[in-house]
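Residue numbers run from 1 in the order of the sequence given. Reckoned from all heavy atoms, side chains included, excluding hydrogens, waters and symmetry mates. In listed order, ligands and their atoms are each counted from 1. Since this is a predicted model, take the numbers as computed values, not measurements.
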Amino acid sequence: MKKKICLIYTGGTIGMVHSEKGYVPSGEGFLKLLRGLPEFSHPDFPDYETIVFSPLLDSSDMAVTDWNKLGRTIASRYAACDGFVVLHGTDTMAYSASALSFMLENLEKPVIFTGSQIPLYELRSDGRDNLISAMLLAASDKVHEVCIYFGGQLLRGNRSTKLSADGMRAFISPNFPALVNSGINFQFTRVPTRPSPEGAFRLQLFENIPLGVIKVFPGIRFELFENIMTESLKGVVLESFGAGNIPGAQTALLPILQKAHDHGTIIVVRSQCPEGKVNLGSYAASSALKEISAVDGGDMTTEAALAKLYYLFSKGLSSSEIKWLMELNLRGERS
Ligand code: ASP
């Protein structure tokens with residue numbers, strides 16, 4: 001029997017048209033264009049239904065409420081459909097894919113994000129292959145998690161990050177192999193699987209928790225961040241140098257980190273290097289972070305670390321439970 005795929009259009013370049021101010025998302029015209037593609041009436045194409053978001057968004061406008069809306073939409077069609085394809089702007093696609101990978105607990109059906117660098121109505125659009133391949137992969141029975149299909153590769157969503165503002169291979173998965181490389185056929189690679197679902201599908205909505213991402217740089221004056229780290233934010237993803245190193249670890253920063261820790265702010269350390277992992281305590285320059293029991297972000301992407309913090313805080317867990325779970329692999333997001 002043919003699979004039924006729910007195609008959700010949230011906005012992004014794939015469906016955009018020119019306006020006086022630059023590209024903007026378009027609704028009805030785009031759907032007409034989609035339905036007119038010969039592939040959509042090919043006998044091997046899966047059955048599909050379409051859901052169009054209103055308003056359509058440039059993904060730079062996506063917020064926690066939009067992730068919740070997407071989660072609710074998928075949950076409402078979960079029983080009726082075999083898989084989901086989400087058309088989404090590339091700018092924050094890796095954030096949304098990471099968020100949904102946590103939000104959709106015990107997911108067993110494919111949720112494949114895709115989009116394009118060139119709008120579908122333009123002659124050289126990359127949207128056509130991205131969309132059609134994503135639909136076929138969603139109907140393949142071989143994918144059971146949140147992924148991004150882009151530029152000939154299927155990547156685990158919470159391992160992905162946007163690499164290129166204008167290249168056709170816009171995403172990489174720096175610490176995890178592609179799940180599929182697309183050639184004449186889809187080549188499924190053997191990758192470590194994510195932990196298996198442990199119960200029935202469930203939606204965990206996110207709360208708009210005050211979180212932050214701070215990227216350290218030579219000369220950073222941490223005292224300028226003291227207030228937000230100790231009073232305003234509940235969690236901080238600290239993008240450190242190399243394997244978890246920070247400037248002033250032995251001196252200026254220590255009391256601020258200690259204060260943040262005492263205040264209950266969770267500090268997750270990840271590396272500014274896309275490849276490799278954090279290893280707190282391997283250098284003296286990261287020892288302060290170890291002393292205040294900052295979370296070792298391992299090889300998680302910033303997108304995944306942030307989404308995981310939203311998820312765990314939204315579950316109402318205690319600080320120590322959150323810290324413990326941040327260092328565990330919940331959805332294949334860390335090695
Ligand atoms: N600004 C666009 C967006 O993220 C870029 C894209 O779709 O590629 O919605």
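Checked against a 3.5 angstrom limit, the closest N/O atoms of Asp91 and ligand 1 fall inside it. For the pair His88 and ligand 1, the shortest N or O to N or O distance does not fall below 3.5 Å. Ligand 1 has a nitrogen or oxygen under 3.5 angstrom from a nitrogen or oxygen of Thr13. Of the polar atoms of Thr90, at least one N or O is found under 3.5 Å from an N or O of ligand 1, judged by distance alone.
With contacts defined as side-chain heavy-atom distances shorter than 4.5 Å, the pair Ile246/Leu257 qualifies. You'll find the side chain of Met229 stays beyond 4.5 Å of the side chain of His263, heavy atoms only.
Counting heavy atoms under 4.0 Å from ligand 1, residue Ser116 touches it through the backbone alone.
Checked against a 6.0 Å centroid threshold, the rings of Phe206 and Phe102 do not count as neighbours.
Note on ring orientation: taking the six-membered ring where Trp is involved, the planes of Phe40 and Tyr48 are perpendicular (angle over 60°, cut-offs 30° and 60°). In this pair, His18 and Tyr121 present their aromatic rings perpendicular. The plane angle is above 60°, beyond the 30 to 60° band.
For ligand 1 and Gly12, the ligand atoms under 4.0 Å from any heavy atom of the residue are 7 (O), 9 (O).
The shortest contact between atom 4 (O) of ligand 1 and any protein heavy atom is with Ser59 OG, 2.5 Å.
Thr161 and Glu303 are linked by a side-chain donor-acceptor pair at a separation below 3.5 angstrom, with hydrogens and angles left out of the test.
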